[in-house]
Amino acid sequence: MDKPKYSVIVPVYNRVAEFKDLTDSLLAQTVNNFELVLVEDGSTDTCGHIAEDACGKGLAISYFWKENEGRSIARNYGMERAGGEYFVFFDSDCVIPPAYFETLDKELAANPLDCFGGPDAAHESFTDTQKAINYSMTSFLTTGGIRGGKISMEKFTPRTFNMGFSREVYEQVGGFREMFSEDIDMSTRIRQAGFSIGLVRPAFVWHKRRVDFRKFFRQVYVFGMSRITLKLLYPGSLKAVHLLPAAFVLGCMALIVLGICVSPWFLLPIGVYFAAIAVGACIENHSVKIGLLAVPAAAIQLGGYGLGFIKAYTLKILLRRGRNIEEELTIRKGK
């Protein structure tokens, strides 16, 4: 294969089954102008045999194993060894539609971008819980459209489940920092450096996300806490849409207290909101069950994010406890 146009860089940590689905979807692409750079980040359950099998079937793949240091360092490790004009990042739990790179070629030819990202969706083979979680993470009712929706309350920010940028961007801006919400940090630095960033809506991926509500809560709780880290790094980055989950938590608490102590009618706004989510998810997925599952998924997403945000805001901003941001990032880099 000649020098690839795209280097697909995927960090993996004990994700054998998911990685197999990812490689199968890459083997099915309608164009093959890409290479896969797999960085095994200290896994004990390794993907080497899957990489070898995919290579035998024609996938251009470079496989690396390194000591566990975190996904950002693994991505940087991959970029240092990649040969493409663009670096593309997928999570290991993504499945890529067959025409992804064909679509990306056409879209970038029509509208060149230094940095790009696409939305995610739920494949028909996903479980009902995964589809409900996907709805809660992509619906305007729950996220304000910040993950690539048609209507958005914030500038589009590419996320590493479906993100790419040129080699020039990497050479000028550098790699990812080992921190939570590292993709938002990276996108912010790219924008501040003057590079163009845009949403390539047709280049979507199927994203499995978390498979149960417990893991999902932990994920969004960390997202909420990391938003405060981003605020400390970039003081002007905190927007109204980022405050909504915290307002949701505090508002629900107040309404529940009023509903118990004053009148049950105070619970009506909560019921109407979750009813709208259930109906929206039911219509989008053509399933009453998924519509019902979207209610706890949305409650977990908003509640988990809001609680993480409130905790980090209280500790780091109001009480000024914990390390400063420079110390925190240095420790996470292992220095």
Side-chain angles (χ1 to χ4, degrees), residues 6-7 9 11 70-80 82 84-91 104 107-108 111-120 143-149 151-201 203 222-244 305 308-309 312-313 316-317 322-335:
Y6 305 103
S7 290
I9 299 167
R71 58 182 179 263
S72 291
I73 295 175
R75 291 190 184 106
N76 296 341
Y77 186 96
M79 284 190 285
E80 291 169 1
E85 301 173 34
Y86 291 90
F87 301 140
V88 176
F89 304 91
F90 299 134
D91 284 349
L104 189 58
E107 293 292 323
L108 291 181
N111 180 30
L113 292 166
D114 301 308
C115 175
F116 53 86
D120 59 341
T143 67
I146 63 176
R147 288 179 171 262
I151 304 173
S152 180
M153 297 174 62
E154 185 193 29
K155 287 183 179 180
F156 172 68
T157 300
R159 310 297 176 101
T160 46
F161 61 77
N162 185 7
M163 175 183 185
F165 49 76
S166 68
R167 180 176 290 273
E168 182 184 0
V169 167
Y170 170 62
E171 291 172 349
Q172 291 195 33
V173 178
F176 293 90
R177 290 198 274 202
E178 186 57 36
M179 58 182 289
F180 296 123
S181 295
E182 72 282 358
D183 43 11
I184 301 177
D185 170 69
M186 185 71 183
S187 297
T188 302
R189 288 157 51 209
I190 291 171
R191 183 173 276 120
Q192 289 181 343
F195 289 104
S196 60
I197 298 179
L199 168 64
V200 183
R201 194 181 304 281
V222 169
F223 285 168
M225 294 188 69
S226 67
R227 179 50 66 179
I228 300 303
T229 300
L230 291 166
K231 171 184 166 46
L232 294 173
L233 278 171
Y234 310 105
S237 66
L238 192 64
K239 307 299 182 184
V241 66
H242 304 136
L243 303 175
L244 293 180
Y305 189 108
F309 183 98
Y313 187 90
K316 294 187 176 184
I317 294 180
R323 308 179 183 92
N324 63 43
I325 189 64
E326 291 81 9
E327 290 175 333
E328 186 173 327
L329 291 177
T330 298
I331 287 171
R332 285 180 181 164
K333 288 177 182 177
K335 295 183 179 179

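One finds the CG atom of Leu104 at 8.0 Å from the CD atom of Glu107 (value rounded to the nearest 0.5 Å). Here the straight-line distance linking atom CZ of Phe223 with atom NE2 of His242 works out to 12.5 Å at 0.5 Å rounding. For the atom pair CG (Leu238) and CD1 (Ile228), the distance works out to 6.0 Å, reported to the nearest 0.5 Å. We find the OH-CZ distance between Tyr86 and Arg167 to be 12.0 Å, quoted to the nearest 0.5 Å. One distance of note links CD of Glu182 with OG of Ser226; it measures 9.0 Å at 0.5 Å rounding. Here the straight-line distance linking atom CZ of Arg227 with atom OG of Ser181 works out to 6.5 Å at 0.5 Å rounding.
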| task | Could you go through the side chain to side chain contact (heavy atoms under 4.5 Å, CB included) check for Thr229 and Lys316 one step at a time? | result | CA-CA 9 Å; Thr229 300; Lys316 294 187 176 184; 3.4 Å; yes

| task | Begin with the C-alpha distance, continue with both residues' side-chain angles, and end with the deciding distance and a verdict on side chain to side chain contact (heavy atoms under 4.5 Å, CB included) for Met79 and Phe176. | result | CA-CA 10 Å; Met79 284 190 285; Phe176 293 90; 3.9 Å; yes

| Yes or no on side chain to side chain contact (heavy atoms under 4.5 Å, CB included) for Arg191 and Thr188, after CA distance, side-chain angles and deciding distance? | CA-CA 5 Å; Arg191 183 173 276 120; Thr188 302; 5.7 Å; no

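Residues Phe165 and Phe87 meet the side-chain proximity criterion, which asks for heavy atoms closer than 4.5 Å. Taking the side chain as every heavy atom from C-beta outward, Pro119 and Leu199 approach each other to under 4.5 Å. Residues Cys115 and Met186 form no side-chain contact, since every pair of their non-hydrogen atoms from C-beta on lies 4.5 Å or further apart. At a threshold of 4.5 Å between non-hydrogen side-chain atoms, the residues Asp114 and Ile190 do not count as touching. With a 4.5 Å cut-off on side-chain heavy atoms, Ile317 and Lys231 count as touching. Residues Phe180 and Met225 have side chains not in contact (no heavy-atom distance under 4.5 Å, counting atoms from C-beta outward). Looking only at side-chain heavy atoms (C-beta outward), Asn111 and Val200 stay at 4.5 Å or farther from each other. The shortest distance between side-chain heavy atoms of Phe195 and Arg189 does not fall below 4.5 Å.
Under a 3.5 Å cut-off, the side chain of Arg71 and the backbone N or O of Asp91 do not form any donor-acceptor pair. Checked by atom type and distance alone, the side chain of Asn162 never pairs as donor or acceptor with a backbone atom of Asp120 at under 3.5 Å. Under the 3.5 Å distance criterion, the side-chain polar atoms of Ser166 are matched with a main-chain donor or acceptor of Val169.
The residue from Ile184, Asp183, Ile197 that alone fulfils the side-chain contact (heavy atoms from CB on, under 4.5 Å) condition with Pro158 is Ile197.
With sequence neighbours excluded, no residue forms a side-chain hydrogen bond (donor to acceptor under 3.5 Å, both in side chains) with Glu80.
Considering every non-hydrogen atom in both Ile9 and Arg75, the closest pair reads CG2-O, 3.9 Å. Shown here for Ala193 and Val173, the closest heavy-atom pair between the two residues is CB-CG2, 3.9 Å.
Within a 6.0 Å radius of OH in Tyr170, more than 12 heavy atoms belonging to other residues, nucleotides or ligands are found.
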